[in-house]
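Note sheet for the following structure.
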Amino acid sequence: MAVVGNYPLPPNSNPSPRTKHSQERKQIIYLLQKCKNINQITPIHAQIIRNGHEQDPFIVFELLRVSSNCNSIDYASKVFQQIQNPNVYLYTALIDGFVKSGSYLDGIRVYSQMVEACVMPDNYVVGSVLKACGSQLGLKEGREIHAQALKLSLSSSRSVRMKLVELYGKCGEFEDAWRVFDEMPERDIVALTVMISCYVDHGLVEEARNIFDGVQTKDTVCWTAMIDGFVRNGEMNKALELFRDMQREGMRPNEVTIVCVLSVCSQLGALELGRWVHSYVGKYGIELNHFVGSALINMYSRCGSIDEAE
DNA sequence: ACTTGAATGT
C-alpha cells in the first residue's frame, strides 16, 4: 500500500534566488529603519557583509541614511568608501548626511568626486549640493552648479529652485534670488519665508517686513520667521505685537513660535509674560520638546525664578 | 529608493 501520497507542492516551496534575495533585502531594510543608534546598526551591517549584500545599492542606501540620521556620518562615510561604483542615490545620501552634520565642504567635495566619476547628476543630488553651497556661503561653486543644472535641464524642479533662492539669499545676492523666484511657476510661500530670513540675516529687517506684508496667506512658519526676525534684531515689542497679530488672524503658534517668544521674555526679564507663554504648552498640540524645555528653563532662570526652572 | 521644502539665543 502507498504510504507516501503524491501531493502537490505548496506554493513558494522552492523560491527562485531572485525572490529570496528580494525578501532578504526587504527584511534588512526593515531592520535598518528601526535603528535608533549606531550600536544597533553595526550588528546588522555585519550580517549584511556575511550575507554578501555589501554592494546592494538599495541596502547600502538605507545603511547610509540611517547612519547619518544616528549622527554617525563618519560611519556612513566609511561604508560609502567600500562601494565599487556608487550610483547617484548613494552619492545623494552621503551628501545629505554631510549637510545634516554641518560638514558642508565635505558635501561639496563628494559632489565633485561624483562629477569626476562621470556619474550623471539628477535634480535631487543637485538640490543636496546646492543646500551645502548655500549653508557654506559657497557662492562660486553654487553659481557653477547652477549653470551646469541649466545645461542638464535640472533647474526646473521645485527643490532645485528653492535651494537656489536660499543660496543666493544667504549670500546676499538678492537680485539673483528674486530672478530665480520669478521663474517659479507660483508665488511660493516657502521661498518667500526663506527670503524673509535671508534679509534678516543681512540686517535688512525693514525689507523683510515688506516681503512679509506682501504675503497674502501667511502660515505659521511665515509668521514665526518674521517674529524671529524682530527678535534677532532686538525689536522685542514688534515681535510681541506680531505674536498677538497672528493669533488675532486665527493662526496658531507652534513649538518654534513659542521658543522665539520665550526668548523675548528672557531678554526682557518678563516673568509674568513668560508664565503666560508657558501656558501655551499643551494647547494647540504644542509639545514640551527639547527646544521648548530648554527655552522655558532659560526663561525662568533669567527671570530670577530658579524654582520654576525645575 | 529621496525632496511638501521654510522658521528654534545667550
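Numbered from 1 within each chain, the chains take letters A, B, ... in sequence-line order.
- The existence of a salt bridge linking A/R275 and A/E272 is confirmed by a sub-4.0 Å separation between a basic side-chain nitrogen and an acidic carboxylate oxygen.
- Using a 4.0 Å cut-off between a side-chain N of Lys or Arg and a carboxylate O of Asp or Glu, A/E144 and A/K140 qualify as a salt bridge.
- Atom CG in A/D188 sits about 10 Å away from atom C1' in B/dT4, given to the nearest Å.
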Are any protein N/O atoms closer than 3.5 Å to N/O atoms in nucleotides 7-10 of chain B? If there are, list each pair with its distance.
{"unit_1": "B/dA7", "atom_1": "N1", "unit_2": "A/N254", "atom_2": "ND2", "d": "3.0"}
{"unit_1": "B/dT10", "atom_1": "OP1", "unit_2": "A/N298", "atom_2": "OD1", "d": "3.2"}
{"unit_1": "B/dT10", "atom_1": "OP2", "unit_2": "A/S263", "atom_2": "OG", "d": "2.7"}
{"unit_1": "B/dT10", "atom_1": "O3'", "unit_2": "A/N298", "atom_2": "OD1", "d": "3.1"}
{"unit_1": "B/dT10", "atom_1": "O3'", "unit_2": "A/N298", "atom_2": "ND2", "d": "3.2"}
{"unit_1": "B/dT10", "atom_1": "O3'", "unit_2": "A/R302", "atom_2": "NH1", "d": "3.2"}

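- Here the nucleotide nearest the side chain of A/Y89, chosen from B/dA6, B/dA1, B/dT3, is B/dA1.
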**Message:** Checking A/E173 against A/R143 for the salt bridge (Lys or Arg N to Asp or Glu O under 4.0 Å) test, could you report, in this order, the C-alpha distance in whole Å, the side-chain angles of both residues, the deciding distance, and whether it holds?
**Reply:** CA-CA 11 Å; A/E173 301 285 309; A/R143 283 195 195 283; 2.9 Å; yes
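- For the pair A/Y199 OH and B/dA6 C1', the computed distance is 17 Å after rounding to whole Å.
- Electrostatic pairing of A/R248 and A/D245 counts as a salt bridge here, judged by a charged N lying under 4.0 Å from a carboxylate O.
- Computed from coordinates, the A/E186 CD to B/dA6 P distance equals 16 Å when rounded to whole Å.
- For the residue pair A/E235 and A/N233, a side-chain donor N or O sits within less than 3.5 Å of a side-chain acceptor on the partner.
- In this entry the distance linking CZ of A/F181 with C1' of B/dA6 reads 13 Å, nearest Å.
- Straight-line distance from the CD atom of A/Q55 to the P atom of B/dA1: 19 Å, rounded to whole Å.
- Counting any heavy atom pair closer than 4.0 Å across all strands shown, A/N87 reaches a base atom.
- Rounded to an integer number of Å, the gap from NZ of A/K100 to C1' of B/dT3 is 12 Å.
- Atom P of nucleotide B/dT3 and atom NZ of A/K163 are separated by 9 Å, given to the nearest angstrom.
- Taking each heavy atom of A/F98 and A/V110 in turn, the nearest pair found is CE1-CG2, 3.7 Å.
- Within the nucleic acid shown, A/D96 comes within 4.0 Å of at least one base atom, counting heavy atoms only.
- Tested against A/T224, the residues A/T257, A/D219, A/T193 include a single side chain to side chain donor-acceptor pair (under 3.5 Å) partner, A/T257.
- Atom CG of A/L130 and atom P of B/dA6 are 14 Å apart (whole Å).
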